[in-house]
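Single-structure report; data block below.
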Amino acid sequence: MVTWKPDPSFYPSPRMAMKAAPETLAYVVAFDPTRAVPDELAVVDVDPQSASYSQIVTSLAMPNVGDELHHFGWNACSSCLCPNAPHPHAERRYLVVPGLKSSRIHIIDTKPDGRRPSIVKVIEPGEVADRAGYSRPHTVHCGPEGIYVAALGNAEGKGPGGVFLMDHETFEVRGQWEMDRGPQQLSYDVWWHLGHDTLVTSEWGTPDTFENGLIPEILLGAKYGRRLHFWDLHKRKHLQTIDFGDKYQLVFELRPAHDPTKAYGFVNCVLSLEDLSSSIWVWHRDGTQWAVTKVIDIPAEPADPDLLPPMLKGFNAVPPLVTDIDLSMDDRFLYVSCWGTGDLHQYDVSDPFKPKLTGKVRIGGIVSRASHPGAKNGALNGGPQMVEISRDGRRVYFTNSLYGAIDEQFYPDGVSGWMVKLDAEPDGGIAFDEKFFIEWPKSHRPHQVRLQGGDCSSDSYCYP
């Protein structure tokens, strides 16, 4: 695990990370919605010069069934070079892969052969509950001094959810992160501004309100997450809550600026109860406090109710359902996944308060069922969901499944999995790589993508 020189995939600044060699492998978690066979970690060849380009080259099965692999991350990253808690001799080698349904955490070694990873440790849910008091681990981020994991429930699967820490070398669960959580109860994503000693968390709901699908009464009653929480990163103390208002539901993915001198970031709100639109907001400093400003509205599209799933028939419209976003390493382009309509948007956010739409593709969608140049089937379902960007910003990968029980609510025929890649122009504009379309094996659905050596949502930096 320990090396005498810093891991070559660690870069002190995002500017230097953008100069890294292109990735040749992608790691993708995939789950079996029927819970009949184990979930898998798939290894995808993303090297255009390879004979197996755009293919799953190996798959690693988990030891149990029913984990629902969802989000995952690296054990260590460029934040190990930060001056406040340096661990320069840690190695980016292990993937920390939780099961959102099972609360089981898998430690997967990607060396010595990145194409043939292996499971080296399994942390059972009882250990997480006993040491940290949490369950349903969701988001994994490597920090300067360890691994941060956002969990959606307490040990009993109720509230409050929160954050716990793991050791990035032994993988032992250290314990609950919060010293003073204040009013925070719901949990979803966690990230930070290392240069401003600030941690940010967002909200979904407690496990009993989503594990069997979204509950209409809770959604329409505005009882899912709608807040951001700001914390003192060093003191582990809650400082401020921002409530988006009772017409906004599901405040999800946190994408802070990579440049540590910038004190802003982007977050998506999945649904407006007023008009089914989705929105993108910027959090930023306002004097001595944090504030949010809505900068993008994406409207719902009118639709024939005969083409809509039961959950949407009464609305006569397809909501965009923005369920993921990602920010390029130079903080210039924001990518927005519209899982409902099937769109993937690219915005120039050089001025974060005045985004400009610079590119758009459509694939899948509840009504449109748009195809892909490399697809054999002319009517694809699911839509752009988990999106990941290469460090140089030239390649964008995404998959089409959201969450097992929720997939069926919006795509009643089930989601047939796929993974695609976009080529991005330096000054804006995106297009499908016609040679990159992976029709996923029917037994599984793909979710989050991680790129070998790091990507735009895996690392944080302490130098501009």
Using the ring of each side chain (for Trp, its six-membered ring), is [X] parallel, tilted or perpendicular to [Y], with breaks at 30° and 60°?
{"X": "Phe230", "Y": "Trp290", "result": "parallel"}
{"X": "His193", "Y": "His196", "result": "perpendicular"}
{"X": "Trp177", "Y": "Trp231", "result": "perpendicular"}
{"X": "Tyr188", "Y": "Trp204", "result": "perpendicular"}

Compute whether any side-chain donor of one residue and acceptor of the other, for [X] and [Y], lie under 3.5 angstrom apart.
{"X": "Ser416", "Y": "Trp418", "value": "no"}
{"X": "His258", "Y": "Asp331", "value": "yes"}
{"X": "Gln385", "Y": "Tyr403", "value": "no"}
{"X": "Ser460", "Y": "Trp192", "value": "yes"}
{"X": "Ser78", "Y": "Asp459", "value": "yes"}
{"X": "His284", "Y": "Thr293", "value": "yes"}
{"X": "Gln184", "Y": "Thr241", "value": "no"}

Flag yes if more than 12 heavy atoms outside [X] fall under 6.0 Å of its [atom1] atom; otherwise flag no.
{"X": "Asn212", "atom1": "CG", "answer": "no"}
{"X": "Lys158", "atom1": "NZ", "answer": "no"}
{"X": "Lys223", "atom1": "NZ", "answer": "no"}
{"X": "Lys294", "atom1": "NZ", "answer": "yes"}
{"X": "Glu439", "atom1": "CD", "answer": "no"}
{"X": "Arg15", "atom1": "CZ", "answer": "no"}

Just so I know, are the side chains of [X] and [Y] near enough to count as touching, which here means a heavy-atom distance under 4.5 Å?
{"X": "Arg131", "Y": "Gln176", "result": "no"}
{"X": "Ile105", "Y": "Val97", "result": "no"}
{"X": "Lys354", "Y": "Val295", "result": "no"}
{"X": "His138", "Y": "His70", "result": "yes"}
{"X": "Phe398", "Y": "Val449", "result": "no"}
{"X": "Ile147", "Y": "Asp167", "result": "no"}

Using a 6.0 Å distance limit plus a 45 degree cone around the ring axis, check whether Arg255 lies over the aromatic ring of Trp191.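 Arg255 over Trp191 ring: no.
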Can you tell whether the side chains of [X] and [Y] come within less than 4.0 Å, N to carboxylate O?
{"X": "Asp243", "Y": "Arg227", "result": "yes"}
{"X": "Asp67", "Y": "Lys101", "result": "no"}
{"X": "Glu40", "Y": "Arg445", "result": "no"}
{"X": "Lys237", "Y": "Asp232", "result": "no"}

Notebook entry, point to check: Pick from Phe353, Phe266, Phe252, Tyr248: which one makes a ring-ring contact (aromatic ring centres under 6.0 Å, His included) with Trp281?
Noted result: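 Running ring-ring contact (aromatic ring centres under 6.0 Å, His included) over Phe353, Phe266, Phe252, Tyr248 with Trp281 returns exactly one hit, Tyr248.
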Side chain to side chain donor-acceptor pair (under 3.5 Å) filter on Ser79, not counting sequence neighbours, yields none
Point to revise | salt bridge (Lys or Arg N to Asp or Glu O under 4.0 Å) assessment of Glu274 paired with Lys247 | key: CA-CA 6 Å; Glu274 187 174 66; Lys247 77 174 185 179; 2.9 Å; yes
Any idea which heavy atoms bring [X] and [Y] closest together, and the distance?
{"X": "Ile108", "Y": "Pro117", "answer": "CG2-CB, 3.6 Å"}
{"X": "Gly428", "Y": "Phe333", "answer": "N-CZ, 3.4 Å"}
{"X": "Ile56", "Y": "Ala42", "answer": "CG2-CB, 4.0 Å"}
{"X": "Arg391", "Y": "Gln452", "answer": "NH2-O, 3.9 Å"}
{"X": "Thr206", "Y": "Gly159", "answer": "CG2-N, 3.6 Å"}
{"X": "Asp326", "Y": "Val387", "answer": "OD2-O, 3.4 Å"}

Check your understanding: Are Cys142 and Cys80 close enough that their SG atoms are less than 2.5 Å apart?
Key ->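 Not so, these two cysteines form no disulfide.
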*Quick one: does Asp423's side chain have a donor or acceptor within less than 3.5 Å of a partner on Phe432's backbone?*
no
Next on the checklist: So does Leu254 get a backbone contact from the side chain of Asp189, meaning a donor-acceptor N/O pair under 3.5 Å?
Outcome noted: yes
message: Checking Ser337 against Asp324 for the side chain to side chain donor-acceptor pair (under 3.5 Å) test, could you report, in this order, the C-alpha distance in whole Å, the side-chain angles of both residues, the deciding distance, and whether it holds?
response: CA-CA 5 Å; Ser337 294; Asp324 194 28; 5.0 Å; no
Check Glu203, Arg181, Gln240, Gln185 against His229 for a side chain to side chain donor-acceptor pair (under 3.5 Å) and give me the one that passes.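 That would be Glu203; it is the only one of Glu203, Arg181, Gln240, Gln185 passing the side chain to side chain donor-acceptor pair (under 3.5 Å) with His229.
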By salt bridge (Lys or Arg N to Asp or Glu O under 4.0 Å), Arg136 pairs with (sequence neighbours left out) Glu211
Who are the salt bridge (Lys or Arg N to Asp or Glu O under 4.0 Å) partners of Asp259, not counting sequence neighbours?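 If we apply the salt bridge (Lys or Arg N to Asp or Glu O under 4.0 Å) test to Asp259, skipping adjacent residues, there are no hits.
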Next on the checklist: Under the criterion side chain to side chain contact (heavy atoms under 4.5 Å, CB included), I'd like the reasoning laid out for Tyr335 against Ile430: C-alpha separation, chi angles, the key distance, then a yes or no.
Outcome noted: CA-CA 10 Å; Tyr335 291 86; Ile430 48 177; 3.8 Å; yes
Checklist line | Evaluation steps, side chain to side chain donor-acceptor pair (under 3.5 Å), between Ser401 and Asp407 | finding: CA-CA 7 Å; Ser401 171; Asp407 284 351; 2.7 Å; yes
Before giving the answer on side chain to side chain contact (heavy atoms under 4.5 Å, CB included), spell out for Leu380 and His372 the whole-Å C-alpha distance, their side-chain angles and the decisive distance to 0.1 Å. CA-CA 8 Å; Leu380 300 175; His372 181 280; 4.1 Å; yes
Hey, which of Lys421, Arg450, Arg395 is the one that makes salt bridge (Lys or Arg N to Asp or Glu O under 4.0 Å) with Glu388?
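Exactly one candidate clears the test, Arg450.
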Rounding to 0.5 Å, atoms CG (Leu69) and CZ (Phe31) come to a distance of 9.5 Å
Apply the test side chain to side chain contact (heavy atoms under 4.5 Å, CB included) to residues Thr341 and Ile366: give CA-CA distance (whole Å), side-chain angles for both, the deciding distance (0.1 Å), then the verdict. CA-CA 6 Å; Thr341 55; Ile366 293 170; over 6 Å; no
(request) Before giving the answer on ring pair (Phe, Tyr, Trp, His ring centres under 6.0 Å), spell out for Phe171 and Tyr94 the whole-Å C-alpha distance, their side-chain angles and the decisive distance to 0.1 Å. (result) CA-CA 10 Å; Phe171 304 106; Tyr94 300 94; 5.2 Å; yes
